[in-house]
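Read the structure below first, then the notes.
So that the names make sense, note that chain A is the first sequence line, chain B the second, and so on, each numbered from 1.
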Amino acid sequence: MLDPTRLRLPEKPALEGLESKWGPAWDASGVYRFDRSRPRAEVYSIDTPPPTVSGSLHVGHVFSFTHTDLVARFQRMRGKAVFYPMGWDDNGLPTERRVQNYYGVRCDPSLTYDPSFQPPPSPPSRPVSISRPNFVELCGRLTVEDEKAFEHLWRYLGLSVDWSMTYATISKSSQRVSQLSFLDLLRRGLAYQVEAPTLWDVDFRTAVAQAELEDREMAGAYHRIAFRIPAGDDVAAYGRPAVEIETTRPELIPACVALVAHPDDARYRPLFGREVETPLFGVRVPVKPHPLADPSKGSGIAMICTFGDITDVTWWRELSLPVRAVIQADGTLRPTTWGEPPWTSIDPDRAQRFYADLAGLSAAKARVRIVEQLREAGALVGEPRPITHAVKFYEKGDRPLEIVTSRQWFIKTIEFRDALLARGAELRWHPGYMQARYENWAHGLNGDWCISRQRFFGVPFPVWYAVDEVGRVQYERPIVPDAAQLPIDPSSDVPAGYRADQRGQIGGFVGDPDVMDTWATSSLTPQIVCGWPDDRDLFDRTFPMDLRPQAHDIIRTWLFDTVLRSHLEFDALPWKNAALSGWILDPDRKKMSKSKGNVVTPLALLEEHGSDGVRYWAASGRPGADTAFDTNQMRVGRRLAIKILNASKFVLGSAEPQGTIHQPVDRAMIRSLAALVEESTEAFEDYDYARVLQRTESFFWRFCDDYLELVKGRRYGEHGGDAAGSANAALVAALSTLLRLFAPFLPFVTEEVWSWWRDGSVHVAAWPTGAELLALVADHSEPTRQLDDRAYQWATDVLFEVRKQRSEAKQPLKVPVTSVSITAHDTTVGLMPIVEQDLKSALRVKRFDVRVGEPRAIVVDGYEPLS
RNA sequence: AGGCGCGUAGCUCAGAGGUUAGAGCGCCUGCUUGACACGCAGGAGGUCGGUGGUUCGAGUCCACCCGUGCCUACCA
């Protein structure tokens with residue numbers, strides 16, 4: 001166990017510089033390299049979240065990535081070949097935005113590639129227009145820089161990633177996987193294209209998915225508006241000349257196609273099947289019954305517009321209404337000619353006059369204008385009533401979403417809802433209650449997954465369309481490339497059987513202009529990292545994966561979509577376990593975010609508190625629990641690391657002679673350490689790393705404060721070589737065990753100490769077992785165990801009591817205690833000979849006067865005056 | 001509105017039905033002790049959010065309520 005010739009103890013051990021010492025050493029020795037010769041059963045594979053590189057890593061990333069590393073290190077020490085790659089999510093809108101600002105450029109897809117283009121040295125005030133390939137090149141250039149900075153931080157933090165296995169979501173190989181999977185879904189009819197109302201961001205001018213929505217509270221107003229019931233109609237049944245609706249979006253009146261009320265609503269039943277006239281525009285629209293209409297909302301009758309919200313889409317579809325769309329892709333009201341279907345009016349000139357004022361305005365401006373018009377026309381009943389209400393936004397957007405009809409690609413989701421719920425139940429969630437969020441989301445899905453985006457930097461749809469003799473694009477029959485060709489970019493590559501000069505020509509072809517949503521590629525991370533489909537050997541050794549670690553706010557996107565893709569592709573779960581990390585909260589309990597200006601630079605944190613210190617803080621956050629940002633905890637972690645250095649120096653500094661562990665106190669310590677190991681292993685297997693750290697730490701402090709103090713004199717040989725040998729053997733065994741228990745949490749300090757006396761890395765040392773400790777002790781009979789435990793307990797009781805009295809007497813420790821009088825039960829008194837020597841040394845007590853009696857008393861009689 | 005967390009010392013958190021509810025930080029009092037002053041020893045500090053219930057026994061289980069955070073939803 002201990003080789004004195006191997007021992008190298010530093011004079012003054014310190015934490016400073018351990019990160020830059022061990023990072024490169026691990027890299028050189030390859031301790032974290034994945035051994036791909038191992039069979040699936042001996043592999044532990046991790047589907048690491050690829051952080052978005054356009055931006056910076058924040059303390060929340062450090063927090064959650066540490067959690068994954070803890071598990072990876074545990075599994076590695078358990079003997080698994082850990083498959084732990086690292087990815088970068090450089091695909092998508094955040095990168096586009098960052099490149100635009102960083103270089104001062106804008107993508108103009110109509111331009112052609114300029115091979116000699118160089119971005120201006122500093123961003124010009126007016127952005128430079130560049131072609132899509134040039135733009136994509138700049139995205140690549142910038143993300144490479146970002147990825148270097150990210151890797152440096154992760155290495156400094158001590159993530160035990162195999163750095164030879166990094167991937168980027170925009171890389172050629174990721175694009176190949178993404179396009180292959182898409183084409184496979186297309187072939188099987190699981191991906192389809194359709195022109196339909198879709199959620200639309202008017203600033204980014206792209207479709208977005210349901211999963212990217214968020215509600216924001218906005219100021220708005222209810223407008224009560226009168227729809228005239230045409231003369232000549234029998235209005236007696238309704239009894240009034242007009243019906244009043246309430247709306248928060250009066251600017252959509254020109255897009256109104258019907259009114260709707262609940263079928264059972266007696267107030268409006270007389271109107272069902274009749275027509276009413278829209279104010280200002282005089283368009284006749286039917287009044288229809290539908291159960292979704294809520295009699296208690298507004299006036300109980302609503303106008304249906306194409307399209308104000310998702311309910312409008314439902315009504316429009318289910319009631320077979322026409323489309324009368326006014327909001328354009330850029331969010332302004334379109335020019336429209338009244339008098340032609342569907343823009344028919346009883347008074348087209350009047351309608352045209354009103355509308356001329358609105359055309360071209362943004363929705364917000366049109367709202368203001370139309371309220372004036374309605375007021376003048378007498379159609380506004382009362383004044384608008386201000387309210388605040390939840391409005392749907394694209395999560396990265398600045399203006400409310402609109403619903404715009406456009407041609408988009410979808411992946412079938414709805415019909416798999418039940419199967420996906422079953423997959424969710426099959427997955428092991430850590431913590432378990434996170435499954436509810438997945439189920440919430442699956443239950444709430446209201447459409448298939450829209451994966452096309454009208455953007456530039458992303459994985460292109462690998463399809464072209466023929467253009468027929470009259471110039472129509474044949475969307476129904478996409479031309480697909482051969483799998484071997486992938487990845488392709490249809491905007492520059494040419495389909496088989498065509499020439500490049502036929503692009504955009506009659507009888508020629510066009511490429512699909514869109515790119516895939518970033519989640520459409522991110523949802524394939526298991527396929528990407530495990531080598532599907534080109535590296536079948538790697539795939540068989542790593543898939544389905546063991547663990548997906550991620551934050552809980554992207555269950556509805558990354559986790560759900562990955563389960564969907566794996567279900568569709570392999571009819572299997574992509575991983576066995578999902579571990580959800582919580583968020584980092586401010587001291588005031590709000591989620592830390594950049595906008596609040598309270599994000600700390602992670603590297604500065606690591607440098608100040610040491611990577612081990614920061615990891616200690618992160619590891620104290622239980623799976624799934626939101627955790628307060630607390631530099632105090634980092635200081636505590638740092639102190640623990642320093643304590644490990646010093647205690648190790650003590651243990652190793654005088655570890656001769658080694659003997660058998662035969663002293664009751666030593667045996668008791670070893671047995672309780674064995675119990676800790678068993679508990680820790682079980683907790684770690686259940687992903688409860690926080691518990692392991694907490695228990696190990698608490699054991700370690702007691703070990704230092706009580707056990708080390710108790711055996712200090714003995715191990716220095718004050719009570720003979722045999723007694724010293726037992727203490728030394730127990731100390732060395734305990735140190736070896738504790739270092740390995742701490743290794744996943746504090747990789748730097750544990751490796752440093754390990755290197756003083758052991759060959760190889762602690763991070764590939766075997767995870768400790770209770771059995772290996774118990775084997776060091778010969779006698780485990782019940783009477784012996786009880787005696788040992790009672791002796792150790794009694795010794796710590798005396799330790800505590802005498803320390804307390806010395807402290808109250810304000811006596812320095814160097815002052816010897818002349819005698820301690822002890823009154824106790826006879827079984828306790830019987831323990832005194834076992835622990836008396838240790839206690840005398842530890843407490844500087846000259847003599848114990850012991851007698852049998854009740855009640856128990858431990859009394860310091862006096863202190864020897866210093867000469 | 002429905003669902004899921006959380007509520008324990010001033011702060012951050014452990015307490016897996018069973019002695020007198022714990023730790024760290026902070027605070028107070030001592031102490032340069034031969035691993036460590038980046039340290040050591042000791043002390044003060046609690047109606048376990050509330051009300052009922054189950055139990056020999058509840059911080060722990062059940063019901064309801066309060067506060068707080070998040071997820072979800074077709075709120076015109």
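Using a 30° and 60° split on the angle between ring planes, A:His67 and A:Phe63 fall in the perpendicular class, above 60°. Ring-plane geometry between A:His552 and A:Trp583 is classed as tilted, the angle between the planes lying from 30 to 60 degrees on a 0 to 90 degree scale. The aromatic rings of A:Tyr438 and A:Phe560 sit tilted relative to each other, their planes meeting at an angle between 30° and 60°.
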Map every base of RNA chain B to its dot-bracket character, where paired means a Watson-Crick or G-U wobble contact with both distances under 3.5 Å and | marks a partner outside the strand.
(((((((..((((....[...)))).(((((.......))))).....(((((..]....))))))))))))....
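A donor-acceptor pair is defined here as one N or O able to donate and one able to accept, closer than 3.5 Å; no such pair exists between the side chain of A:Arg367 and the backbone of A:Glu251.
A distance of about 15 Å separates the P atoms of B:A58 and B:G50, rounded to the whole Å. When the C1' atom is used for both B:G67 and B:C31, the distance is 46 Å, rounded to whole Å. Comparing B:C66 with B:U51, their C1' atoms sit 10 Å apart, to the nearest whole Å. B:G26 sits 38 Å from B:C64 when the C1' atoms are compared, rounded to a whole Å. A gap of 23 Å separates the C1' atoms of B:G46 and B:C61, to the nearest Å. Atom name P, nucleotides B:C27 and B:C11: the rounded distance is 15 Å, in whole Å. Separating the P atom of B:A76 from that of B:G7 is a span of 35 Å, rounded to the nearest Å. Comparing B:G5 with B:A9, their P atoms are spaced 22 Å from each other, to the whole Å.
Nearest nucleotide to the A:Trp441 side chain, out of B:G43, B:U72, B:C74: B:U72. The side chain of A:Lys810 approaches B:G30 more closely than any other nucleotide in the set B:G30, B:A76, B:U33. Nearest nucleotide to the side chain of A:Asp294, out of B:C4, B:A76, B:A41: B:A76. Of the candidate nucleotides B:C70, B:U12, B:U29, B:U12 has the atom lying nearest to any side-chain atom of A:Asp630. Closest to the A:Ala293 side chain, of the nucleotides B:C74, B:U12, B:A76, is B:A76. Across B:A41, B:C4, B:C40, the shortest atom-to-atom separation from the side chain of A:Arg803 is found for B:A41. The side chain of A:Ala436 approaches B:C4 more closely than any other nucleotide in the set B:G42, B:A73, B:C4. Here the nucleotide nearest the side chain of A:Lys814, chosen from B:U32, B:C74, B:C4, is B:U32. Checking B:C71, B:A76, B:A41 against the side-chain heavy atoms of A:Asp705 singles out B:A41 as nearest.
Atoms CZ and CG, on A:Phe700 and A:Leu708 in that order, are 7.5 Å from each other to the nearest 0.5 Å. Between the CZ atom of A:Arg249 and the SG atom of A:Cys305 there is a distance of 8.5 Å, given to the nearest 0.5 Å.
Counted within 6.0 Å of CD on A:Glu718, heavy atoms from surrounding residues, nucleotides or ligands total more than 12; the atom is thus considered enclosed.
Using a 4.0 Å heavy-atom cutoff across all strands shown, A:Gly300 reaches at least one base atom of the nucleic acid. A:Ser807 comes within 4.0 angstrom of a nucleotide base, judged by non-hydrogen atoms across all strands. Within 4.0 Å (heavy atoms only), A:Lys297 reaches at least one base atom of the nucleic acid. A:Gly444 comes within 4.0 angstrom of the backbone, heavy atoms only, and of no base. A:Thr248 comes within 4.0 angstrom of the backbone, heavy atoms only, and of no base. Using a 4.0 Å heavy-atom distance criterion, A:Trp315 is classed as a base contact. Residue contacts shown for A:Glu808 are absent, as no nucleic acid heavy atom lies under 4.0 Å away.
Computed from coordinates, the A:Arg249 CZ to B:C75 P distance equals 14 Å when rounded to whole Å. When rounded to the nearest whole Å, the span between CD of A:Glu697 and P of B:A23 equals 13 Å. In this structure, A:Tyr689 places its OH atom 11 Å from P of B:A14, rounding to the nearest Å. Rounded to a whole Å, the CZ atom of A:Arg317 is 13 Å from the P atom of B:C74. Atom P of nucleotide B:C75 and atom CD1 of A:Ile310 are separated by 8 Å, given to the nearest angstrom. Per the geometry, CZ belonging to A:Arg635 stands 12 Å off P belonging to B:G39, to the nearest Å. Rounded to an integer number of Å, the gap from A:Ile245 CD1 to B:A76 P is 12 Å. Atoms CD (A:Gln210) and C1' (B:C71) sit 13 Å apart, rounded to a whole Å.
A sub-4.0 Å separation between OP1 or OP2 of B:C74 and a side-chain N or O of A:Asn446 is present. Taking 4.0 angstrom as the limit, A:His389 places a side-chain polar atom (N or O) nearer than this to OP1 or OP2 of B:A76. In this structure, A:Gln435 does not reach the B:C4 phosphate: none of its side-chain N or O atoms is under 4.0 Å from OP1 or OP2.
Using a 4.0 Å cut-off on heavy atoms, the residues of residues 636-646 of chain A that approach RNA chain B are A:Val636, A:Arg639, A:Ile642, A:Lys643, A:Asn646, listed by number.
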Assess the residue pair A:Arg638 and A:Glu16 against the criterion (salt bridge (Lys or Arg N to Asp or Glu O under 4.0 Å)); give the C-alpha distance rounded to whole Å, side-chain angles, the decisive distance to 0.1 Å, and a yes or no.
CA-CA 11 Å; A:Arg638 184 180 170 78; A:Glu16 282 68 29; 2.5 Å; yes
Are A:Phe650 and A:Phe703 close enough, and set up right, to give a ring pair (Phe, Tyr, Trp, His ring centres under 6.0 Å), and what steps lead you there?
CA-CA 13 Å; A:Phe650 168 75; A:Phe703 173 79; 9.1 Å; no
How does protein contact run along nucleotides 15-20 of chain B, one letter per nucleotide 5' to 3', with B for base contact, S for sugar-phosphate only, - for none, heavy atoms under 4.0 Å?
SB----
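In terms of heavy-atom proximity, A:Leu559 sits nearest to A:Gln550 at CB-OE1, 3.3 Å. Looking at every heavy atom in both residues, A:Ala302 comes nearest to A:Ile245 through C-CG2, 4.4 Å.
Of the charged side-chain nitrogens involved, at least one lies within less than 4.0 Å of a carboxylate oxygen, so that A:Lys712 and A:Glu709 count as a salt-bridged pair.
Closest-nucleotide positions on RNA chain B for A:Ile387 and A:Arg806 were compared, and the one nearer the 5' end corresponds to A:Arg806.
Side chain A:Asn440 to base B:C71: a donor-acceptor pair is found below 3.5 Å.
Applying the side-chain hydrogen bond (donor to acceptor under 3.5 Å, both in side chains) criterion to A:Arg317, with sequence neighbours excluded, gives no partner residue. Take A:Tyr616 and apply the ring-ring contact (aromatic ring centres under 6.0 Å, His included) test, not counting sequence neighbours, and it matches no residue. Listed by chain and residue number, A:Leu605, A:His609, A:Phe629, A:Met634, A:Arg635 satisfy the side chain to side chain contact (heavy atoms under 4.5 Å, CB included) test with A:Thr631 (two or more places apart in sequence, or in another chain).
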